[in-house]
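Remarks on the structure that follows.
We count ligands from 1, going down the list as the structure has it; atoms in each ligand are counted the same way. Computed from a predicted model, the values in this text were never measured in an experiment.
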Amino acid sequence: MYLESIYTQLIMEHNRSSHNRKALEDPDISERGYNPNCGDDIMLEVKVEDGIIADAGYSGVGCAISQASTSLMIDLIKGKSVDEASELADIFLAMIKKDITDEEELEVLEDSIIFQNISNMPARVKCAVLAWHSLKEGSKHI
Ligand SMILES: [Zn+2]
């Protein structure tokens with residue numbers, strides 16, 4: 001099983017770039033995502049102002065896939081409402097489960113669409129969905 005180059009590139013890009021790797025002051029959502037299968041242990045923090053995600057960041061440790069997925073998700077949800085972000089997480093999770101395969105429907109996920117074929121690598125699925133599950137869990141308490 002090989003990774004397509006764009007996929008590899010994006011993952012490397014997001015691992016290199018640390019723009020979403022930060023702790024927030026007084027976050028409204030702090031949700032830990034832990035994947036014992038791989039050792040990914042990420043803390044997702046989100047600042048919500050008037051129902052809109054004003055800022056988000058993550059800390060912790062994780063493999064390339066979990067960190068890239070988290071960082072891409074943060075890029076995607078910033079500026080969106082909590083409800084919209086939660087819907088995007090549903091779409092992402094449906095994509096991973098192959099419940100949604102229509103590319104047009106998946107366009108809203110922007111770069112996160114690169115994880116569409118992660119289900120071909122079952123061992124890495126939990127890495128890819130970690131942050132999205134954390135986002136959904138955390139959004140429930142807002
Ligand atoms: Zn992992």
>> Run the salt bridge (Lys or Arg N to Asp or Glu O under 4.0 Å) test on Asp90 and Lys136 for me, step by step, so that the C-alpha distance in whole Å, both residues' side-chain angles and the decisive distance to 0.1 Å come before the verdict.
In response: CA-CA 8 Å; Asp90 284 335; Lys136 275 204 67 80; 2.8 Å; yes
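Atom NZ of Lys97 sits in a sparse spot, with 12 or fewer heavy atoms from other residues, nucleotides or ligands closer than 6.0 Å.
At a threshold of 4.5 Å between non-hydrogen side-chain atoms, the residues Gln116 and Leu106 count as touching.
Using a distance-only test at 3.5 Å, with no hydrogens or angles considered, a donor-acceptor pair links the side chain of Asp28 to the main chain of Val48. For the pair Glu105 (side chain) and Asp102 (backbone), a donor-acceptor distance under 3.5 Å is absent. Between the side chain of Ser71 and the backbone N or O of Ala68 there is no donor-acceptor pair closer than 3.5 Å.
Only protein atoms were considered; those of element N, O or S under 2.8 Å from the Zn ion (ligand 1) number 5.
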